[in-house]
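Inspection log for the structure reproduced underneath, given as structure tokens.
Keep in mind the model is a prediction, meaning the values are calculated, not measured.
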Amino acid sequence: MKPKVPINCFIQGCYNPEFEAAIAIAKDKCFEYNKLNPNDREGQAKILNTLLGKMGKECFITPPFWCDYGYNIEVGDYFYSNHNMIITDGAKVTFGDNVFVAPNCCFTTAEHALDAEQRKAGIEIAKPITIGNNVWIGAGSTILAGVTIGDNSVIGAGSVVTKDIPKGVIAVGVPCRVQREITEQDKYKYPMHESLRDNKPITY
């Protein structure tokens, strides 16, 4: 059974047997996923196809990986995440195509009540997260509930993203703020290896 968590309103998030049962199923699948050989792409794909709500082509999630429900996560084509991605997906978490996620990143759709009595009672809210196409999330970043990150943007390492980030920018910090637009000049930040200039693969 796949219970749908209501979004953008206070709910009985904790101490909810229906939610806890669904989370337990996802945790079992994550546990099995994380026990696989990191190079067992076939075994990983088999588990991810039963865990995630949608998975595009050529997707790779480096273990360990943990999520709450799994079926609220939608991943586009050519998705890559490095070690230790955590997604608390009470609400939908959507990744576009060609998204890179560096190590130790967290995407959390949950917010607990600020009032102590409500929080003790397990009251919380779930708000969706949307990551556009061609986005790079830097190492150790946290993307909070309700955030949208626009296409082609880069989130600097260690950022805490509390508000929407527009497309085509570099944003960094705690809280994360836009630093500047990404420009054509960024293609020339570093010298180009000769094999790339000759349109040949790099060899070492």
Side-chain angles (χ1 to χ4, degrees), residues 1-8 11 13-14 16 18-36 38 40-111 124-151 153 155 159-162 164-165:
M1 186 174 180
K2 298 179 178 180
K4 186 174 181 179
V5 180
I7 64 171
N8 297 324
I11 58 170
C14 301
N16 185 316
E18 186 179 22
F19 295 166
E20 288 173 355
I23 289 171
I25 292 171
K27 297 302 183 191
D28 283 344
K29 291 181 180 181
C30 288
F31 180 72
E32 292 302 318
Y33 186 84
N34 294 330
K35 287 196 303 182
L36 292 174
D40 183 1
R41 299 293 183 90
E42 184 177 344
Q44 290 168 344
K46 184 176 180 180
I47 292 176
L48 289 178
N49 275 310
T50 69
L51 175 62
L52 303 184
K54 176 186 173 184
M55 188 172 75
K57 62 185 179 182
E58 299 296 328
C59 296
F60 184 60
I61 297 177
T62 308
F65 163 59
W66 294 99
C67 64
D68 278 352
Y69 297 90
Y71 55 79
N72 287 327
I73 301 169
E74 296 188 356
V75 176
D77 297 337
Y78 303 104
F79 175 87
Y80 175 81
S81 73
N82 215 314
H83 297 282
N84 204 34
M85 180 173 66
I86 298 172
I87 304 177
T88 61
D89 57 310
K92 184 169 285 189
V93 179
T94 305
F95 296 92
D97 299 334
N98 302 296
V99 172
F100 289 176
V101 179
N104 300 315
C105 288
C106 176
F107 302 81
T108 177
T109 67
E111 289 184 6
E124 60 182 60
I125 185 172
K127 298 188 287 187
I129 292 172
T130 303
I131 310 299
N133 298 318
N134 311 311
V135 171
W136 173 22
I137 309 291
S141 293
T142 299
I143 316 302
L144 296 184
V147 162
T148 293
I149 298 175
D151 294 348
S153 284
I155 305 299
S159 295
V160 178
V161 187
T162 62
D164 291 353
I165 301 297

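For the pair A139 and A102, the tightest heavy-atom approach, listed with the atom from each and the gap, is N-CB, 3.2 Å. Of all heavy-atom pairs between G140 and C105, the closest is N-SG, 3.9 Å. The two atoms that bring A45 and M55 nearest to each other are O-CE, 4.2 Å, heavy atoms only. Q44 and F60 make their closest contact through OE1-CE1, 3.0 Å (heavy atoms, listed as atom of the first residue, atom of the second, distance). The two residues C59 and V75 have their closest heavy-atom pair at SG-CG1, 3.8 Å. Nearest heavy-atom pair, A110 versus T88, reported as atom, atom and distance to 0.1 Å: N-OG1, 4.2 Å.
Rounded to the nearest 0.5 Å, atoms NZ (K4) and OH (Y69) are 13.5 Å apart. Atom CD1 of residue I165 and atom OG of residue S159 lie 8.0 Å apart, to the nearest 0.5 angstrom. One finds the CG atom of L52 at 11.0 Å from the CD1 atom of I47 (value rounded to the nearest 0.5 Å). Rounded to the nearest 0.5 angstrom, C106 SG and I86 CD1 are separated by 5.5 Å. To the nearest 0.5 Å, atom CG of residue D89 and atom OH of residue Y71 are 8.0 Å apart. In this structure, CD1 in I87 is found 10.0 Å from CG in D68, a value given to the nearest 0.5 Å.
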Would you be so kind as to tabulate the donor-acceptor pairs closer than 3.5 Å made by side chains of residues 131-138, with sequence neighbours excluded?
residue: N133; atom: OD1; partner: D97; partner atom: N; Å: 2.7
residue: N134; atom: OD1; partner: N98; partner atom: ND2; Å: 3.4
residue: N134; atom: ND2; partner: N152; partner atom: OD1; Å: 2.9

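Every side-chain hydrogen bond (donor to acceptor under 3.5 Å, both in side chains) that N104 has, sequence neighbours left out, goes to N84. By the ring-ring contact (aromatic ring centres under 6.0 Å, His included) test, F95 pairs with F79, F107, sequence neighbours left out. Y33 pairs by the ring-ring contact (aromatic ring centres under 6.0 Å, His included) definition with nothing, not counting sequence neighbours. Applying the side-chain hydrogen bond (donor to acceptor under 3.5 Å, both in side chains) test to E111 and every residue at least two apart in sequence or in another chain returns K127.
In this structure, the side chain of N72 does not engage the main chain of G53 through any donor-acceptor pair within 3.5 Å. Counting only distance, with no hydrogens or angles, the side chain of T109 and the backbone of A126 share no donor-acceptor pair below 3.5 Å. Using modelled atom types, no side-chain atom of K27 and backbone atom of A22 make a donor-acceptor pair closer than 3.5 Å.
C67 places a side-chain heavy atom less than 4.5 Å from the side chain of I73. Residues T108 and L144 form a side-chain contact, since some pair of their non-hydrogen atoms from C-beta on lies under 4.5 Å apart. Residues C30 and L51 have side chains in contact (heavy-atom distance under 4.5 Å, counting atoms from C-beta outward). Contact of the I7 side chain with the P128 side chain is registered, since non-hydrogen atoms from C-beta on lie closer than 4.5 Å.
Salt bridge annotation for E32-K29: absent, with no cationic side-chain nitrogen under 4.0 angstrom from a carboxylate oxygen.
At most 12 non-hydrogen atoms from other residues, nucleotides or ligands lie less than 6.0 angstrom from CZ of F31.
A side chain to side chain donor-acceptor pair (under 3.5 Å) check over residues 50-66, counting only residues at least two apart or in different chains, returns the pairs T62-Y80.
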